[in-house]
Amino acid sequence: MTPEKIIEFQQKLLQWYTENARILPWREDPSPYRVWISEIMLQQTRVETVKPYFERFIKEIPTIEDLAKLPEDRLLKLWEGLGYYSRAKNLKKAAQMIVEKFHGQLPSDSKSLQSLPGIGPYTSGAISSIAFGQRTPAIDGNVIRVMARILAEERNVDDPKVKKNIENALERLLPEHSVGDFNQALMELGATLCIPKGMPKCLQCPVNSFCKGYYQDMAQYLPRKSPKKKRKIEQKTIEVMQWEDKFALRKRPEEGLLSNLWEFPQREGHLSLEQCKKEMKKHNIEARRIISLPPSKHIFSHIEWHMIGYHILLEECPKNIELTWVTPGEIREKYSLPSAFKAYYAFIELISGE
DNA sequence: AATACGGGGGA
DNA sequence: TCCCCAGTATT
């Protein structure tokens with residue numbers, strides 16, 4: 001593109017953004033802290049999902065210092081249901097580093113930002129451009145799609161070489177001023193017009209005259225990506241153990257899936273009622289009554305849990321150091337229980353009459 | 001280069 | 001059922 005064309009592209013896109021930008025909580029005051037929190041929450045997560053989490057988070061933890069000293073259990077409770085929980089743990093780690101190494105202020109350049117845990121190539125570019133006005137690209141899934149269509153890039157965009165090519169093309173398009181708006185405009189375009197599914201709304205697009213994919217009538221078939229691999233299926237048996245008005249939870253390990261979150265005790269495989277009774281006896285747990293609960297399925301990005309469950313009513317409280325006994329109300333207020341256990345949590349709320 | 005890591009919404 | 005989402009860290 002000629003320099004004149006580039007200027008025209010920038011103007012068209014920014015003008016469209018001025019008129020069509022959605023009103024979002026993190027846009028009303030794009031301070032570095034708020035932009036940071038929003039960008040972390042928005043990683044692989046839809047805008048509509050993030051909105052309520054963001055508002056609640058900022059209200060309770062308004063500054064980096066507050067975040068740096070926030071207890072992890074409280075942090076995980078605020079993150080409950082949002083997924084990718086290492087984001088929350090990295091957030092606190094990064095806040096402590098910012099207090100220690102950067103005098104409590106987020107650095108403005110993308111290189112320093114990337115030295116903080118949880119901040120990679122996309123997020124560093126987003127923060128430095130949106131919060132600090134630095135001329136850095138912010139390439140997320142939206143931008144990849146928009147650029148692949150503009151360039152009519154038919155190669156696999158999962159290939160780092162192809163991604164680098166898109167980055168180079170985008171660098172040349174970045175304006176000297178309003179870079180944050182420019183980056184957000186590209187993402188907004190991807191989210192509202194240049195959409196991933198269904199027909200892209202090219203007729204409404206402010207930059208369709210620059211789009212090679214549009215002229216070749218190819219936009220809807222781009223970008224091309226590597227095929228996904230299939231999920232592994234795991235069978236689980238969930239034990240909903242009740243003693244008086246309390247239920248047993250245990251804390252998951254520090255590493256791996258759903259680390260440090262709470263769960264109902266579970267065993268590998270689908271145990272029959274008889275096997276379940278046998279397990280109870282083996283651990284010297286006296287059950288008054290065991291009934292089976294409806295099966296439930298939970299889909300992660302890379303695993304499927306196919307769960308069956310048993311409600312196990314106990315005579316006395318077992319002296320198992322692993323287990324923590326809590327009421328449904330306490331779970332709701334204090335314990336971070338992943339969405340995978342929703343069906344069984346709903347059951348205990350139901351039988352507790354809450 | 002491939003895999004781990006959540007959860008939900010829409011076709 | 002599958003894909004995608006304002007991706008990052010680890011292997």
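So that the names make sense, note that chain A is the first sequence line, chain B the second, and so on, each numbered from 1.
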(request) Go ahead and write out DNA chain B as dot-bracket, 5' to 3': ( ) for pairs within the strand, [ ] for ones crossing earlier pairs, | when the partner sits on another strand, dots for unpaired; Watson-Crick or G-U wobble, both distances under 3.5 Å. (result) |||||.|||||
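The residue A/I139 sits apart from the nucleic acid: no heavy atom pair falls under 4.0 Å. Within the 4.0 angstrom heavy-atom criterion, only backbone atoms of the sugar-phosphate kind lie near A/T123; the bases stay farther away.
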(message) Assess the residue pair A/E188 and A/R22 against the criterion (salt bridge (Lys or Arg N to Asp or Glu O under 4.0 Å)); give the C-alpha distance rounded to whole Å, side-chain angles, the decisive distance to 0.1 Å, and a yes or no.
(response) CA-CA 8 Å; A/E188 195 87 355; A/R22 291 169 291 180; 2.9 Å; yes
(message) Test ring pair (Phe, Tyr, Trp, His ring centres under 6.0 Å) on A/F341 and A/W305; report intermediate values, then the result.
(response) CA-CA 10 Å; A/F341 303 101; A/W305 278 1; 5.8 Å; yes
Under-3.5 Å N/O pairs linking protein and nucleotides 9-11 of chain B:
unit_1: B/dG10; atom_1: N2; unit_2: A/K197; atom_2: NZ; d: 2.8

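Between A/H302 and B/dT3, a side-chain N or O to OP1/OP2 separation shorter than 4.0 Å is absent.
How far CD of A/Q114 is from OG1 of A/T123: 9.0 Å, rounded to the nearest 0.5 Å.
Rounded to a whole Å, the NE2 atom of A/H298 is 9 Å from the C1' atom of B/dG8. Here B/dC5 presents its C1' atom at 10 Å from CZ of A/R87, a figure rounded to the nearest Å. At whole-Å resolution of the value, CG in A/N90 and P in B/dA4 are 19 Å apart. Going from atom CZ of A/R231 over to atom P of B/dT3 covers 15 Å, rounded to whole Å.
Looking at A/E279 and A/R267, a side-chain N of the basic residue comes within less than 4.0 Å of a carboxylate O on the acidic one, giving a salt bridge. A/E286 and A/R288 are not joined by a salt bridge, as no carboxylate oxygen comes within less than 4.0 angstrom of a charged side-chain nitrogen.
First and last contacting nucleotides of DNA chain C toward chain A (any atom under 4.0 angstrom from a heavy atom, 5' to 3' order): C/dT1 to C/dA9.
Comparing C/dC3 with B/dG6, their C1' atoms are spaced 15 Å from each other, to the whole Å. Separating the C1' atom of B/dT3 from that of C/dA6 is a span of 22 Å, rounded to the nearest Å. Comparing C/dT8 with B/dG8, their P atoms are spaced 22 Å from each other, to the whole Å.
Residue A/K12 forms a side chain to side chain donor-acceptor pair (under 3.5 Å) with just one option from A/E8, A/Q15, A/Q10, and that option is A/E8.
Side-chain atoms of A/T45 and base atoms of B/dG6 include a donor and an acceptor less than 3.5 Å apart.
Between the side chains of A/R252 and A/S336, no donor-acceptor pair is found at a separation under 3.5 Å.
Not one N or O on the side chain of A/R250 forms a donor-acceptor pair closer than 3.5 Å with the backbone of A/T324.
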